[in-house]
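As structure tokens, the structure follows; a few thoughts come after it.
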Amino acid sequence: MTQAELKTTAISRQTIDTYNPATEEVYKTYYLHTKQEAEALIDNSHKAFQRWRNASLEERASIIKKIAELLRRDKAKLAQMMAKQMGKPLALGEGEAEQCAAICEYTAEHGIDALADEERDIAVGKKGIITYQPEGVILGMQPWNFPLYQCIRYSIAVIMAGNTTVFKHDESCFETAEAIQKIYEEAGLPKGVFSCLFVDGETADELIAHPHIRGVTFTGSARIGRLIAKISGEHLKKNVLELGGSDAYIVLRDADIDLAVKTCVQGRVMNSGQTCIAAKRFIIEAPVYEEFRDKYVAAMKQVTFGDPTDSQNDMGPLARVDLRDKLHQQVQESVMKGATCLCGGEVPDQKGAYYPATVLENIQAGSPAYDDELFGPVAALFKVADEAEAIELANDHRYGLGGGIFSKDEERAIRIAREQLDTGMVNINGYAGPQANMPFGGVKESGYGREHGGFGIKEFVNAKSLFVA
């Protein structure tokens, strides 16, 4: 049922108001499915699976290519939605749509080979066949920071694999979720293969137990990730979790400092800092610390914020006022525990969930800037004596999603990244977001499982062995 259909039904429904973070005014009111209606959607998705699983890989790929075309066609409209839902600047929103189209194209181009049967010799005169078969209905639960990408990232892979999915987006992004479903079906995806669940988080958690749910994929906080893992484990449902990070970027003494400064500003303020793989902690060797710090602070002072529909602004607001207030509280607590605020650190006296680019140094263990994830444009600077201390500090965190290294000795940086950093991804002399052809995911409390690069397409398949005499 669409939002329009839910609105016109006779029963009394729970509703949720969402707010434009740039104006703090109500943007949309959403009507929620009852649990029984959500369960019926899962049942319908299971029925759709019985047909979709028999669609050829070529047919699936053809539809996914068409989805890419439609995402590009509608990118301006989708960007406007994201700006009003969570404050994303329009250029970033259109870039997100382009990235999603590229994911679709990569999956369509390479998914057929990734899912093709494999033959192996198992004994004299015998052969083994490994076949990758879809499992059923996958429950997706995704957050607000990339309203389009978070959905496309998981759903295109599971759909290409022959699964169906029911999707629970963050409440503020139900509009985008419905737009995605319309695009999918316009591209030729049969009804029921992708279905939106308009439910709250508690109801979504309860749906994990539904007998037709075969797997769960979730992006969000480690706190909720533990809950998802617990419920999934109780019901023996496989799950993939991406739970955020506090990525450390190491600046070695032989680094190109100007490049490091420019890149680390970009990596900290992109999407107003609301990115799980944002550059968040900056660990700089002592001989170049002051030069990096002074140039970095000067550059962060130049970062502008304001109306996300105005291309002159570098950042829009944070997604919600309460998230802005939590970030500010983390900054204040870190300062109370010894940190020095070099710029920013004050809530602007204006409407909207805005927060300035902020830089902290002299950060102490036991403070939020040291121990937690700061989900906004706040940078934490650390001075270390040498490479060994830099690596130790970078790894001294419960998260392990991404990170980075700056050094003119590329081989040295690769060696450190490969052998020393306890993360799922590492940037060297640059900052890159998720790439369609590279695995995405982390270790430790950043979660488990991988997406993209041919890895995500096999997270929810049955790798079935056939023994042929």
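Just so you know, these numbers come straight off a predicted model, no measurement behind them.
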Using modelled atom types and a 3.5 Å cut-off, is there a donor and acceptor pairing between side-chain atoms of [X] and backbone atoms of [Y]?
{"X": "Lys295", "Y": "Ile257", "result": "no"}
{"X": "His169", "Y": "Cys151", "result": "no"}
{"X": "Asn239", "Y": "Val216", "result": "no"}
{"X": "Asn271", "Y": "Gln274", "result": "yes"}
{"X": "Gln435", "Y": "Gly433", "result": "yes"}
{"X": "Asn395", "Y": "Gln420", "result": "yes"}
{"X": "His397", "Y": "Tyr399", "result": "yes"}
{"X": "Arg320", "Y": "Ser172", "result": "no"}
{"X": "Arg324", "Y": "Tyr354", "result": "yes"}
{"X": "Glu373", "Y": "Gly244", "result": "no"}

Would you call [X] and [Y] a salt bridge, using N to O less than 4.0 angstrom?
{"X": "Arg253", "Y": "Glu387", "value": "no"}
{"X": "Arg268", "Y": "Asp247", "value": "no"}
{"X": "Lys383", "Y": "Glu290", "value": "yes"}
{"X": "Glu135", "Y": "Lys238", "value": "no"}
{"X": "Asp256", "Y": "Lys408", "value": "no"}
{"X": "Arg153", "Y": "Glu242", "value": "yes"}

Within the structure provided, determine whether [X] and [Y] are in side-chain contact (heavy-atom separation under 4.5 Å).
{"X": "Phe194", "Y": "Ser155", "answer": "yes"}
{"X": "Pro356", "Y": "Thr358", "answer": "yes"}
{"X": "Met160", "Y": "Leu115", "answer": "yes"}
{"X": "Trp52", "Y": "Arg60", "answer": "yes"}
{"X": "Arg281", "Y": "Phe382", "answer": "yes"}
{"X": "Met300", "Y": "Val269", "answer": "yes"}
{"X": "Thr165", "Y": "Thr217", "answer": "no"}
{"X": "Arg72", "Y": "Glu98", "answer": "yes"}

Please report whether the ring centroid of His452 lies less than 6.0 Å from that of Tyr149. yes
Step by step, would you call Tyr154 with Thr219 a side chain to side chain donor-acceptor pair (under 3.5 Å)? CA-CA 10 Å; Tyr154 97 87; Thr219 301; over 6 Å; no
Which heavy-atom pair separates [X] from [Y] by the least distance, and what is that distance?
{"X": "Gln364", "Y": "Ser367", "answer": "O-OG, 2.6 Å"}
{"X": "Leu374", "Y": "Pro368", "answer": "CD2-O, 4.1 Å"}
{"X": "Gly442", "Y": "Ser446", "answer": "CA-CB, 4.2 Å"}
{"X": "Gly225", "Y": "Leu241", "answer": "O-CD1, 3.7 Å"}
{"X": "Leu71", "Y": "Cys104", "answer": "CD1-SG, 4.0 Å"}

By salt bridge (charged side-chain N to carboxylate O under 4.0 Å, His left out) - contacts of Lys127 (at least two apart): Glu119
Rounding to 0.5 Å, atoms CG (Asp396) and CD1 (Ile391) come to a distance of 13.5 Å
What's the separation between atom OG1 in Thr176 and atom NZ in Lys77, rounded to the nearest 0.5 Å? 11.0 Å
Consider side chain to side chain contact (heavy atoms under 4.5 Å, CB included). Of Lys326, Lys280, Gln330, which one does Phe375 pass it with? Lys280
Quick one: is the NZ or CZ of Lys88 closer than 6.0 Å to the six-membered ring centre of Phe146, and within 45° of its axis? yes
ring-ring contact (aromatic ring centres under 6.0 Å, His included) with Tyr296: which of Tyr289, Phe282, Tyr249? Phe282
Check: Ser407/Asp409 side-chain N/O donor and acceptor closer than 3.5 Å: no
List the steps and the verdict of side chain to side chain donor-acceptor pair (under 3.5 Å) for Ser45 and Thr164. CA-CA 6 Å; Ser45 186; Thr164 59; 2.9 Å; yes
